[in-house]
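Presented below is the structure to which this report refers.
Throughout, protein chains are lettered first and strands after them, A, B, ... in sequence-line order, and every chain is numbered starting at 1.
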There are 2 protein chains.
Amino acid sequence: MIDSPDLFKKLTLFPEPELREQIVMQGRIISAGQGDIIIREGQFLDFMPIVLDGLIRVYQEKEDREILLYYVGPQETCMMSLTSAYFDKESTANGMAMENSEILVLPARFISEWQLKFKSWNEFMIRTFSNRYNELLGSFTDVAFKSVQVRLMDYLHERSERDNTERIRISHQTLANELGTTRVVVSRILKQLEYENEVRLYRGAIQLITK
Amino acid sequence: MIDSPDLFKKLTLFPEPELREQIVMQGRIISAGQGDIIIREGQFLDFMPIVLDGLIRVYQEKEDREILLYYVGPQETCMMSLTSAYFDKESTANGMAMENSEILVLPARFISEWQLKFKSWNEFMIRTFSNRYNELLGSFTDVAFKSVQVRLMDYLHERSERDNTERIRISHQTLANELGTTRVVVSRILKQLEYENEVRLYRGAIQLITK
DNA sequence: GGGCTTGTGTATCATTTGATACCGTCAGAA
DNA sequence: TTCTGACGGTATCAAATGATACACAAGCCC
């Protein structure tokens with residue numbers, strides 16, 4: 001059974017009492033360990049996850065490559081599940097827990113129902129769609145027009161801001177998987193950037209040099 | 001003044017009488033000639049266009065390159081305007097009429113209002129978001145993982161299906177602008193494909209060879 | 001016809017990215 | 001300690017893509 005007060009301390013987006021009641025009644029909470037796959041490519045989704053704690057990485061695979069789509073943090077949900085649930089399409093991406101995460105799982109059939117009934121739910125949906133779309137559009141333009149080197153630096157700066165540190169803990173392989181390229185390419189470019197005094201390299205970490 | 005019976009012959013998605021009344025009252029219809037720019041990058045949008053007749057091409061520019069985002073056909077609308085209208089962001093794309101087009105223009109402030117009031121409008125919005133998102137996701141994966149040659153052939157096959165002909169009327173430059181690359185690259189690849197007996201080339205047209 | 005624009009073919013060269021292979025180092029497990 | 005797997009550096013070669021330049025042909029306007 002869901003502990004309602006505890007849940008709505010973490011999930012503050014939905015003030016309507018009736019909606020809260022519905023969520024408690026229909027949802028369940030699952031825990032995912034770091035590295036657990038939540039959603040797999042090709043899977044049909046009949047549920048919608050909302051992250052309460054933790055972080056989910058959503059990405060695509062192609063043979064031995066990967067590329068990041070987006071992260072899902074607390075109080076956010078995954079686009080895949082929305083479009084998948086509405087039109088009964090299979091997921092075209094994978095979702096993996098990057099930290100130990102707590103996830104509220106709601107049956108798909110409610111997401112359209114609630115959307116007409118509850119203003120806050122409706123706004124949540126639209127905001128999710130809109131934000132994710134803009135985010136993806138940005139990624140698309142970047143991949144289409146920017147070099148790997150530029151995308152790599154952009155990524156490091158973003159991470160630096162997000163984690164609030166100049167020293168980013170990430171391996172070259174993981175970085176390659178975020179950017180959709182290979183480890184060797186990342187190592188080569190990073191070395192070049194080190195010569196150019198943009199970064200300093202450590203085992204398992206990259207230091208951004210601010211000038 | 002909008003000719004109501006004529007409008008709803010072209011716009012069949014919204015059966016609710018009250019919604020139809022609203023649309024007639026608040027909307028206006030504009031005509032765009034072939035080549036007219038409807039939406040420009042950086043523009044703040046306070047309206048939402050629904051195409052009645054014709055075709056709008058939505059694309060991004062970067063210096064002397066272009067890349068296609070999507071086409072908007074009859075009874076469809078443009079994502080840009082949705083996200084732009086909801087969160088008061090500027091458009092990050094351009095929209096150009098590819099044919100003489102007739103467009104229903106609705107003030108932005110109604111799109112969220114109607115969405116809670118009218119089921120058909122709500123579905124229209126969600127379907128638009130969902131379809132456009134999936135479409136963009138496909139483009140993203142293609143650009144990230146496929147070669148220009150493969151994307152070029154994919155494009156030709158799509159066009160061939162859409163226009164129902166094996167002979168696609170398009171210049172190499174225009175094709176380059178669809179794919180986000182340059183004319184020379186397109187010419188080179190097409191010539192290669194001609195050697196391989198995949199296509200036959202004409203001035204201003206490309207013939208797909210079906211085997 | 002003469003001049004102009006658009007479309008196409010192609011050569012050359014540079015840069016970027018990818019693929020493969022090999023080696024040394026580091027850190028933790030056994 | 002030794003073994004092992006993850007991590008990173010680097011060399012070599014290939015392929016894809018981009019940039020520039022030039023030539024020629026088709027179609028249109030005058």
Quiz item: How far apart are the closest heavy atoms of A:Leu156 and A:Leu208, and which atoms are they?
Solution: O-CD1, 3.7 Å

Quiz item: Nearest heavy-atom pair of B:Gly54 and B:Val51: which atoms, and what distance?
Solution: O-CG1, 3.8 Å

Quiz item: Which ring pair (Phe, Tyr, Trp, His ring centres under 6.0 Å) pairs, counting each pair once, include a residue from residues 120-140 of chain B, with sequence neighbours left out?
Solution: A:Phe129-B:Phe129, B:Phe14-B:Trp121, B:Phe14-B:Phe124, B:Trp114-B:Trp121, B:Trp121-B:Phe124

Show me, pair by pair, the donor-acceptor contacts under 3.5 angstrom made by side chains of residues 176-189 of chain B, not counting sequence neighbours?
{"residue": "B:Asn177", "atom": "OD1", "partner": "B:Gln173", "partner atom": "NE2", "Å": "3.4"}
{"residue": "B:Glu178", "atom": "OE1", "partner": "B:Arg57", "partner atom": "NE", "Å": "2.4"}
{"residue": "B:Glu178", "atom": "OE1", "partner": "B:Arg57", "partner atom": "NH2", "Å": "2.7"}
{"residue": "B:Glu178", "atom": "OE2", "partner": "B:Tyr71", "partner atom": "OH", "Å": "2.4"}
{"residue": "B:Glu178", "atom": "OE2", "partner": "B:Tyr155", "partner atom": "OH", "Å": "2.6"}
{"residue": "B:Arg183", "atom": "NH1", "partner": "B:Ser187", "partner atom": "OG", "Å": "3.0"}
{"residue": "B:Ser187", "atom": "OG", "partner": "B:His172", "partner atom": "ND1", "Å": "2.8"}
{"residue": "B:Ser187", "atom": "OG", "partner": "B:Arg183", "partner atom": "O", "Å": "3.3"}

Quiz item: chain A on DNA chain D: first and last contacting nucleotide, 5' to 3', under 4.0 Å to a heavy atom?
Solution: D:dA6 to D:dA11

Quiz item: Looking at A:Gly73 and A:Glu76, what are the two nearest heavy atoms and their distance?
Solution: N-OE1, 2.9 Å

N/O donor-acceptor pairs under 3.5 Å from side chains in residues 26-44 of chain B, not counting sequence neighbours:
{"residue": "B:Asp36", "atom": "OD2", "partner": "B:Gly33", "partner atom": "N", "Å": "2.8"}
{"residue": "B:Glu41", "atom": "OE1", "partner": "B:Asn94", "partner atom": "ND2", "Å": "3.4"}
{"residue": "B:Gln43", "atom": "OE1", "partner": "B:Arg40", "partner atom": "N", "Å": "2.8"}

Exercise. Heavy atoms under 4.0 Å is the rule here; annotate nucleotides 8-13 of chain C 5' to 3' with B where the base is hit, S where only the sugar-phosphate is, and - elsewhere.
Key: BBBB--

Practice problem: Residues of residues 136-152 of chain A with any non-hydrogen atom less than 4.0 angstrom from an atom of DNA chain C: list those, numerically ordered, please. | Solution: A:Ser147, A:Val148

Self-check item: A:Glu196 CD: over 12 foreign heavy atoms closer than 6.0 Å
Solution: yes

Quiz item: Expressed in angstrom and rounded to an integer, what is the separation of B:Ile206 atom CD1 from C:dG7 atom C1'?
Solution: 12 Å

Exercise. Look at atom CZ of B:Arg200 and say whether more than 12 heavy atoms of other residues, nucleotides or ligands are closer to it than 6.0 Å.
Key: no

Quiz item: Are there more than 12 heavy atoms of other residues, nucleotides or ligands under 6.0 Å from atom CZ of B:Arg169?
Solution: no

Quiz item: Is the NZ or CZ atom of A:Arg132 positioned over A:Tyr70's six-membered ring, under 6.0 angstrom from the centre and within 45° of the axis?
Solution: yes

